[in-house]
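Written out below as C-alpha cells is the structure these notes cover.
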Amino acid sequence: MDRRSWLLIVTISIGAIATALFLASRDEELATTSATTTTTGGATATTTTEATTTTTSTTTPPPSTLPPGTTACDPYTEVTVAGEVASEALTETSGMTASRAATDVIWAHNDSGDDATLYAVGPAGEDLGAFVVAGALAFDWEDIASGPGPETGLSYMYIGDIGDNFDIRDGRVTIYRVPDQDPKTLTDSLPGSVALTLDFPDGGHDAEAVFIADGFIHIVTKDPSGAQVYRAPIGTDDATVMELVTSVELGAVVTAADVSWDGSTIAFRGYDTVWMWHRGADMSVGEALASPPCEAPAPDERQGESLAFRMDGTYSTISEGSGPELHLVGGTS
C-alpha cells in the first residue's frame, strides 16, 4: 500500500469516528430536549397557541379509479419557471413542502452541512426569511413533508434527518415534527419541534424521501436495487420500529416524495424522473404503489432532490445550486 492510499484510509476512518461521536452526543441532547419540551401525546405546549389553524387536505375524496386510458400524470403537461430562489443561503436544497398554514409559502432546507434551519420561499422565489427549528439538530436533513399531527386542526411539518451515506446510523433515524406557521408571524425561529426516533427493522438504509399519508410517516430508501417504503405512526413518541410497506423497482434512486393534498396522487422523484401513482379513496399506500407508475414532467435541473405538491394540485421543484430556479409543473394555461 503506498503512502497516498494509507493517508486516504486514515482520513476516512477519522471522519467516520467523528460522525459517530456526533450522533451519540446528538441522541443524548435529544433525550434531554424531549423530556423538557413535550407534553402528553407528543404535542408541544409552547406552540399550540401560535400555530395557525389550517386545512390539511381537500374535502372531496379522490375517485376510486381513473377514467379508461388516463393516468395520474395526465394533468401535468407544462413546466414553467416561477422565479429564481432569492435566498443566498439556500444553495443545496434537499427538501421542500408547501405550507398549509400560509398561502403561497414553500418551506425548504439544505442538505447536510447547514444548521437546523428552514427557509421560507415565496411564489416567485422570494426570500421570506430563515428560521431555526428550535430544539432540533441537523446531521443529514434530506426531505420534509406536511400533514396532520397530534393537535386536531393544526398542520405540522416532518423534517427527515434520514441520510446515511456512510452507513453509520445503525438503522436509527430522526424525524422532527414542528407546527407549520405563517413566516410573517415569526421572528427568527420555529418553536415546538419534537424529535421522533425511528428504527428500520432490518438495519441501516440511506434515505432521502419522506411523505405523510393515512396517519403514518413514510420513508423511502435510496436503494438502486429497489426503493423500500417503511412507515411509522405520526403520533409516536418513544423510539419506534418501522414496518416495511412495500418495495418498488424504478431503475433509479428516489431523492424526494410527496402526496397530493387530496391523497389521490403519490409522487416520487429521482434526479431525472418524476414517477406518479393514482390512489383511490379506499386504496392503501401499498396497494397504490403495487401498480406501474407513470412518468410526469421532470424539470431540467442540475441535481433535483426536492418536490412539493401545492394546494391546487400542481407541484414545484428546486435544484441544488446557488440561485436555482423555482419550477412549477401543471396543466397548459
Side-chain angles (χ1 to χ4, degrees), residues 44 46-56 79-136 138 141-147 149 154-161 176-193 210 212 256 258 261 299 301-302 304-330:
T44 303
T46 56
T47 60
T48 53
T49 57
E50 298 178 29
T52 305
T53 301
T54 183
T55 301
T56 57
V79 178
T80 58
V81 177
E84 186 176 290
V85 174
S87 172
E88 295 182 356
L90 191 57
T91 58
E92 292 190 45
T93 306
S94 183
M96 60 189 292
T97 187
S99 173
R100 303 188 182 189
T103 304
D104 288 332
V105 172
I106 286 175
W107 290 104
H109 62 78
N110 282 316
D111 208 331
S112 59
D114 196 5
D115 296 328
T117 301
L118 290 182
Y119 301 87
V121 179
E126 300 93 336
D127 183 0
L128 303 181
F131 305 91
V132 174
V133 180
W141 286 11
E142 290 292 354
D143 201 8
I144 180 173
S146 296
L154 297 184
S155 176
Y156 292 78
M157 296 183 290
Y158 295 80
I159 307 164
D161 195 340
Y176 292 102
R177 184 182 66 215
V178 60
D180 187 0
Q181 299 187 48
D182 188 333
K184 293 194 297 291
T185 68
L186 302 171
T187 52
D188 58 356
S189 67
L190 267 163
S193 73
V210 174
I212 308 299
D258 203 5
W261 287 32
E301 296 178 338
R302 190 186 80 175
E305 295 191 12
S306 62
L307 179 146
F309 277 109
R310 306 174 75 101
M311 184 174 64
D312 62 1
T314 60
Y315 63 91
S316 292
T317 66
I318 300 174
S319 174
E320 288 195 355
S322 179
E325 294 176 331
L326 172 62
H327 289 107
L328 182 65
V329 185

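Since we're looking at a predicted model, the values are computed, not measured.
A salt bridge links Asp182 with Lys184; the closest basic N to acidic carboxylate O contact falls under 4.0 Å.
Between Ser316 and Leu326, the shortest heavy-atom distance links the atoms CB-CD1, 4.1 Å. Smallest separation of non-hydrogen atoms from Tyr176 and Gly135: CE2-O, 4.5 Å. The nearest pair of heavy atoms linking Gly95 to Asp143 is CA-OD1, 3.7 Å. Residues Gly323 and Glu84 share a closest heavy-atom pair of O-CG, 3.1 Å. Across every non-hydrogen atom of Leu307 and Ala256, the tightest pair is N-CB, 3.9 Å. Annotation for Ser193 and Ala134: closest pair OG-O, 2.5 Å, computed over non-hydrogen atoms.
Between the side chains of Thr117 and Asp115, no donor-acceptor pair of N or O atoms lies under 3.5 Å.
For the atom pair Met96 CE and Trp107 CH2, the distance stands at 13.5 Å (nearest 0.5 Å). Between Ser146 atom OG and Tyr158 atom OH the span is 9.5 Å, to the nearest 0.5 Å. Once rounded to the nearest 0.5 Å, the distance linking OG1 of Thr317 with CD1 of Ile106 reads 9.0 Å. For the atom pair Asp127 CG and Leu90 CG, the distance stands at 9.0 Å (nearest 0.5 Å). The distance from atom CG of Asp104 to atom CE of Met311, rounded to the nearest 0.5 Å, is 8.0 Å.
Using a 4.5 Å cut-off on side-chain heavy atoms (C-beta onward), Arg302 and Pro324 make no contact. Here the side chains of Val329 and Pro299 are in contact, with some heavy-atom distance below 4.5 Å.
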Is there a side-chain contact (heavy atoms from CB on, under 4.5 Å) between Leu118 and Trp141? Walk through the geometry before answering.
CA-CA 11 Å; Leu118 290 182; Trp141 286 11; 4.0 Å; yes
Test log, rule side-chain contact (heavy atoms from CB on, under 4.5 Å), inputs Met157 and Leu190:
CA-CA 11 Å; Met157 296 183 290; Leu190 267 163; 4.0 Å; yes
Please evaluate residues Leu328 and Arg310 with respect to the criterion side-chain contact (heavy atoms from CB on, under 4.5 Å), reporting the C-alpha separation (whole Å), side-chain torsions for both, the decisive distance (0.1 Å), and the verdict.
CA-CA 9 Å; Leu328 182 65; Arg310 306 174 75 101; 3.5 Å; yes
Could you go step by step and tell me if Ile318 and His327 meet the side-chain contact (heavy atoms from CB on, under 4.5 Å) rule?
CA-CA 6 Å; Ile318 300 174; His327 289 107; over 6 Å; no
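Panel note: side chain Ser189, backbone Val132; no donor-acceptor pair is recorded below 3.5 Å. No donor-acceptor pair under 3.5 Å is formed between the side chain of Asp111 and the backbone N or O of Glu92. Here the side chain of Asn110 pairs a donor or acceptor atom with the backbone of Ala89 at under 3.5 angstrom. When atom types are taken as modelled, the side chain of Ser94 and the backbone of Glu142 share a donor-acceptor pair closer than 3.5 angstrom. The main-chain N or O of Asp180 is never found under 3.5 Å from a side-chain atom of Ser155 such that the two would form a donor-acceptor pair. Panel note: side chain Asp258, backbone Phe309; a donor-acceptor pair is recorded below 3.5 Å.
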